[in-house]
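Down below is the structure, laid out as structure tokens.
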Amino acid sequence: MASGLAPTPTLKLYPLANYSFATKDPQPEEDPSVNARLQRLQNDYETHGMRRTVEGLLVVHEHGHPHVLLLQVANAFFKLPGDYLKPSEDDQQGLQRRLSLRLGKATTSRSDATTTTGAPSPAMEIDDGEGGLEHWEIGDCLAQWWRPNYESFMYPYVPAHISRPKEVKSIYLVQLPEKMVLTVPSNMKLLAIPLFELYDNAVRYGPLLAAIPHLLSKYNFVLES
């Protein structure tokens, strides 16, 4: 007799070595400080309403274990690729554009780019970073985090006393193809962080990134060669 339970979803992971890494022009942060970023959030909220942010979760495997691709900015904080949406964009359209902006092909190539193992990467040219040429396979929405006020804290729920949250951040799973060149802004690093390093490590990565192993625990990983 059928149990009626949904089957465990599967997620194909390809080796980190399948991917090459190039660099492109830097993409400086829009705000010089946390206070400036929160002030801009308040200005945007007063003009457009609640901010909607989308980020992509890209997963590979290394040494038989899943690794998440994270951007490191200024050798300091880590984040998933993505950003806030234009008021008229839907999540899918906006995440496609933002992933291409962060990791898509660049108009100006650099021949000194290397992979994480130090091997030379093929130089990339094409596109303006606004993302018309890449197509990203965007899957499940894994989580939504809410910013109730003009402050740094976000929660995986809307607090009961909050009727007008200031921002919602949606995290989407992105299925990477078997091979790909990822072109990273020169002021950032793209690092493959193992799940065991993220798990329960909010002190280093923050609560959102530390929750990623929980979000992925529902998947049956298929480690491709």
Side-chain angles (χ1 to χ4, degrees), residues 2-22 53-72 78-83 90-105 113-119 121-122 124 126-127 131-145 156 169-184 188-201 205 208-225:
S3 67
L5 298 177
T8 302
T10 60
L11 178 61
K12 286 185 178 181
L13 305 183
Y14 295 99
L16 177 62
N18 278 23
Y19 302 95
S20 298
F21 301 87
T53 296
V54 289
E55 294 182 341
L57 183 55
L58 288 63
V59 191
V60 299
H61 76 82
E62 176 80 342
H63 305 303
H65 185 76
H67 286 54
V68 175
L69 297 183
L70 295 180
L71 290 166
Q72 186 182 32
F78 298 86
K79 64 180 182 178
L80 292 167
D83 214 326
D90 62 31
D91 284 16
Q92 288 274 339
Q93 174 191 24
L95 185 54
Q96 289 279 350
R97 183 176 66 86
R98 283 304 189 173
L99 287 174
S100 289
L101 177 64
R102 283 286 184 261
L103 301 176
K105 301 168 185 175
T114 60
T115 67
T116 53
T117 60
S121 291
M124 296 303 299
I126 332 179
D127 210 291
L133 298 182
E134 291 87 7
H135 175 75
W136 304 86
E137 187 178 338
I138 298 171
D140 299 336
C141 181
L142 299 177
Q144 287 188 311
W145 287 73
K169 178 179 291 187
S170 301
I171 311 299
Y172 285 90
L173 184 64
V174 178
Q175 174 66 68
L176 285 170
E178 182 178 0
K179 295 179 183 292
M180 189 177 191
V181 177
L182 298 168
T183 311
V184 185
M188 303 180 189
K189 297 177 182 177
L190 187 64
L191 303 178
I193 308 298
L195 290 190
F196 63 76
E197 168 71 12
L198 292 172
Y199 177 68
D200 200 26
N201 199 356
Y205 295 101
L208 190 154
L209 298 181
I212 286 175
H214 295 281
L215 301 179
L216 292 175
S217 65
K218 72 174 186 176
Y219 291 94
N220 178 32
F221 297 123
V222 178
L223 306 185
E224 301 283 357
S225 58

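Atom set for the values below is all heavy atoms of this structure, side chains included, hydrogens, waters and symmetry mates excluded.
- Atom OH of Tyr199 has 12 or fewer heavy atoms from other residues, nucleotides or ligands within 6.0 Å.
- Residue Tyr19 holds its OH atom at 8.0 Å from CG of Leu182, rounded to the nearest 0.5 Å.
- Side-chain contact between Trp136 and Leu95: absent, with no pair of heavy atoms (C-beta onward) separated by less than 4.5 Å.
- A salt bridge links Lys169 and Glu55; the closest N-O separation between the charged side-chain nitrogens and carboxylate oxygens is under 4.0 Å.
- In terms of heavy atoms, Pro213 sits closest to Leu195 at CG-O, 3.6 Å.
- Of the options Val68, Leu69, Leu71, a side chain to side chain contact (heavy atoms under 4.5 Å, CB included) to Leu80 is made by Val68 and by none of the others.
- Side-chain contact, Tyr172 with Gln92: no donor N or O sits under 3.5 Å from an acceptor N or O.
- Under the 4.5 Å side-chain criterion, counting only non-hydrogen atoms from C-beta, Asp140 is in contact with Tyr219.
- To the nearest 0.5 Å, atom CG of residue Leu173 and atom CG of residue Leu216 are 6.5 Å apart.
- At a threshold of 4.5 Å between non-hydrogen side-chain atoms, the residues His61 and Pro66 do not count as touching.
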Check against side-chain contact (heavy atoms from CB on, under 4.5 Å), Leu190 and Leu103: CA-CA 9 Å; Leu190 187 64; Leu103 301 176; 4.1 Å; yes
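- Residues Thr10 and Thr8 have side chains not in contact (no heavy-atom distance under 4.5 Å, counting atoms from C-beta outward).
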Q | Evaluation steps, side-chain contact (heavy atoms from CB on, under 4.5 Å), between Glu178 and Lys12 | A | CA-CA 9 Å; Glu178 182 178 0; Lys12 286 185 178 181; over 6 Å; no
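- Two residues are said to be in side-chain contact when any heavy atoms from C-beta on lie closer than 4.5 Å; Val60 and Pro15 fail this criterion.
- Rounding to the nearest 0.5 angstrom, the gap separating the CG atom in Leu209 from the CG atom in Leu70 is 5.5 Å.
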Checklist line | Test side-chain contact (heavy atoms from CB on, under 4.5 Å) applied to Val59 and Leu176, step by step | finding: CA-CA 7 Å; Val59 191; Leu176 285 170; over 6 Å; no
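- Take Tyr14 and apply the ring pair (Phe, Tyr, Trp, His ring centres under 6.0 Å) test, not counting sequence neighbours, and it matches no residue.
- Environment of NZ in Lys79: crowded, with over 12 heavy atoms of neighbouring residues, nucleotides or ligands closer than 6.0 Å.
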As a quick check of understanding, evaluate side-chain contact (heavy atoms from CB on, under 4.5 Å) for Ile193 and Tyr205, giving each step before the final call. CA-CA 11 Å; Ile193 308 298; Tyr205 295 101; 3.7 Å; yes
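- The heavy-atom pair separating Arg102 from Pro81 by the smallest distance is CB-CB, 4.4 Å.
- Taking 4.5 Å as the limit, every side-chain heavy atom of Asp91 sits out of range of all side-chain heavy atoms of Ile138.
- Side-chain contact between Leu142 and His214 is absent, with no heavy-atom pair separated by less than 4.5 Å.
- Side chains of His65 and Phe196 form a contact here, defined as non-hydrogen atoms less than 4.5 Å apart.
- The structure places CG of Asp83 at 8.5 Å from CZ of Arg97, a figure rounded to the nearest 0.5 Å.
- Separating the CD atom in Glu62 from the CG atom in Leu13 is a distance of 12.0 Å, to the nearest 0.5 Å.
- Note: Ser20 OG to Lys179 NZ = 8.5 Å, rounded to the nearest 0.5 Å.
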